[in-house]
Amino acid sequence: MIKRLRRKFIVITMCSILTVLGGIIGGINIANYISINQRADEKLDLLVENQGRFPPMEGELEKKLLPAGMSPEVPFETRYFTVVLNNENMAVSADIGRIAAISRQTAEEYAVILQEKGKKEGFEGQYKYRAVTVDGGIMYVFLDCGRELSTFYSFLAMSLLISVCGLLLVFALVLFFSKLAVGPFAESYEKQKRFITDASHEIKTPLTIIDANAEVLEMENGENEWTAGIKAQVGRLTALTEKLVFLSRMDEEHAKIQVTEFSLSDVAAETIQSFEAVAETRGKKLQAEVPPEIFVYGDESMIRQMLSLLLDNAVKYSSENGTIRFCLRKPGKHVEIILWNTVSEIRQGNLDILFERFYRPDSSRNSETGGYGIGLSAAKAVVTAHKGKIHARSGDGKSIEFRIVL
């Protein structure tokens, strides 16, 4: 349990950090990309307005015509080219004087292909383009964004690399400090388990003496309601202490499970047979569907105890003159155990809360039937120790189904 708590602490911490870091890195890179697009659009706007060229930067007036924030050096640093197509989608002119990385033929092919696709604006490789209508046809203006995109991708890769390294470092620190964080809880939990075990052993001795004294009183004075009550309560306390010790043992990180292959069909049939008489005396019908030759790997004694706990719960809490159905099947590689019984009233939906320790939906009814609210917890502990799953649910509020997958 402590290991599961520590793992959950690490997972929650790392997911939180990853979410925040991912938001920061993603936000920065998205903002960077948007900024690149905005600057490219400003340049394209200026080129389109001036028929595919930057205005001459010969005087202060011309420089003031540049968009706010654009350096006067931009026209001299920017690489671009233009292609004019006629109405028949043929290139009639191309200006590649401000770029050396592309030939006239390639520039014309870019424009023709884009025009055939009907695209007027966007990216074609590292070139951002825009089409504008001119006399006699359409002019495509291509802006070289290679340096900006290269810088963007380099920053993206570097930020991701640094983020991964940072996450690994944080994971190492969280892994180290998580042990310190759960330390007090682990110590308290160990003390609690030790108290339960020690107290259970200490309680057994006086219970044994009380039971023996009741036997002596019955031999001397005969059985009466007082001695019968004493023996009944001793039996209840003995069963309670045994279940508490069992739960404490199952909570250990390395609970000892004697794994062998055994016939679950035989174990189920024997357990059901032992409850048939009990169910009949209480006016309840116990039906079973147990196919032969279903084998599982596990601790036979624990599985037998788990089945006994579930059947005992069904017999105790099923409705008056109710029905109990036990079904064992193997639809695939896993084995399914389904236990269904009628109840007087219960809320619909998921009922996994029943596996919580000492949870009792109807305290008065549990008192009448002798329940403590830990039988189902013990059953779940056995299933969990075998790496299985157990769930409880009610579909109609008048019945409950327990489904175990091993």
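With Thr106 contributing its side chain and Ile102 its backbone, the two residues share no donor-acceptor pair below 3.5 Å. Here the side chain of Ser265 pairs a donor or acceptor atom with the backbone of Pro291 at under 3.5 angstrom. Proximity of a side-chain donor or acceptor of Asp299 to a complementary backbone N or O of Ser301 within less than 3.5 Å is detected. Proximity of a side-chain donor or acceptor of Ser159 to a complementary backbone N or O of Ile25 within less than 3.5 Å is not detected. Between the side chain of Arg98 and the backbone N or O of Pro75, at least one donor-acceptor pair lies under 3.5 Å. Listed for the Lys284 side chain is a donor-acceptor partner under 3.5 Å among the backbone atoms of Ser318. Here the side chain of Ser178 pairs no donor or acceptor atom with the backbone of Arg6 at under 3.5 angstrom.
A salt bridge is defined here as a Lys NZ or Arg NE, NH1 or NH2 lying under 4.0 Å from an Asp or Glu carboxylate O, and Glu401 with Arg393 fails to meet this definition. Salt bridge Lys43/Glu148: present, at least one basic N to carboxylate O contact under 4.0 Å. Salt bridge annotation for Arg304-Glu300: present, with a cationic side-chain nitrogen under 4.0 angstrom from a carboxylate oxygen.
Crowding of Phe295 atom CZ: a count of heavy atoms from other residues, nucleotides or ligands under 6.0 Å exceeding 12. Other residues, nucleotides and ligands place more than 12 heavy atoms under 6.0 Å from the NZ atom of Lys120. Counting heavy-atom neighbours within 6.0 Å of Gln287 CD, excluding the residue itself, gives a total above 12. Enclosure of atom CZ in Arg104 by more than 12 non-hydrogen atoms of other residues, nucleotides or ligands within 6.0 angstrom is indicated. When the shell of 6.0 Å around CD of Gln105 is examined, it contains 12 or fewer heavy atoms from other residues, nucleotides or ligands. Atom CZ of Phe262 has more than 12 neighbouring heavy atoms from other residues, nucleotides or ligands inside a 6.0 Å radius. Within 6.0 Å of the CD atom in Glu345, the count of heavy atoms belonging to other residues, nucleotides or ligands does not exceed 12.
In this structure, OG1 in Thr82 is found 4.5 Å from CG in Asp95, a value given to the nearest 0.5 Å. For the atom pair NZ (Lys285) and CG (Asn341), the distance works out to 14.0 Å, reported to the nearest 0.5 Å. A distance of 12.0 Å separates CG of Leu114 from CD of Glu121, quoted to the nearest 0.5 Å.
Between Phe171 and Leu168, the closest side-chain pair of non-hydrogen atoms is not below 4.5 Å. In this structure, the side chains of His391 and Lys389 come closer than 4.5 Å at one or more pairs of heavy atoms. At least one side-chain heavy atom of Ile138 sits less than 4.5 Å from a side-chain heavy atom of Gln115. Within the 4.5 Å cutoff, the side chain of Ser394 has heavy atoms near those of the Asp396 side chain.
Among residues two or more places apart in sequence or in another chain, the side chain to side chain donor-acceptor pair (under 3.5 Å) test is passed with Gln126 by Asp144.
In this structure, Tyr110 has its ring center no closer than 6.0 Å to that of Tyr140. Tyr127 has its ring centre no less than 6.0 Å from the ring centre of Tyr80.
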side-chain contact (heavy atoms from CB on, under 4.5 Å) between Phe326 and Leu310: does it pass, once the steps are laid out?
CA-CA 10 Å; Phe326 182 97; Leu310 291 173; over 6 Å; no
For a salt bridge (Lys or Arg N to Asp or Glu O under 4.0 Å) check, start with the C-alpha distance between Lys128 and Asp41, then their side-chain angles and the critical distance, and finish with the verdict.
CA-CA 9 Å; Lys128 186 163 190 179; Asp41 286 335; 2.8 Å; yes
side-chain contact (heavy atoms from CB on, under 4.5 Å) between Glu276 and Val278, intermediate numbers included:
CA-CA 5 Å; Glu276 285 178 344; Val278 179; over 6 Å; no
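Note: Phe152 and Tyr33 have tilted aromatic rings, judged against thresholds of 30 and 60 degrees for the angle between ring planes.
Contact between Val343 and Ser319 at its shortest, heavy atoms only, is C-CB, 3.6 Å.
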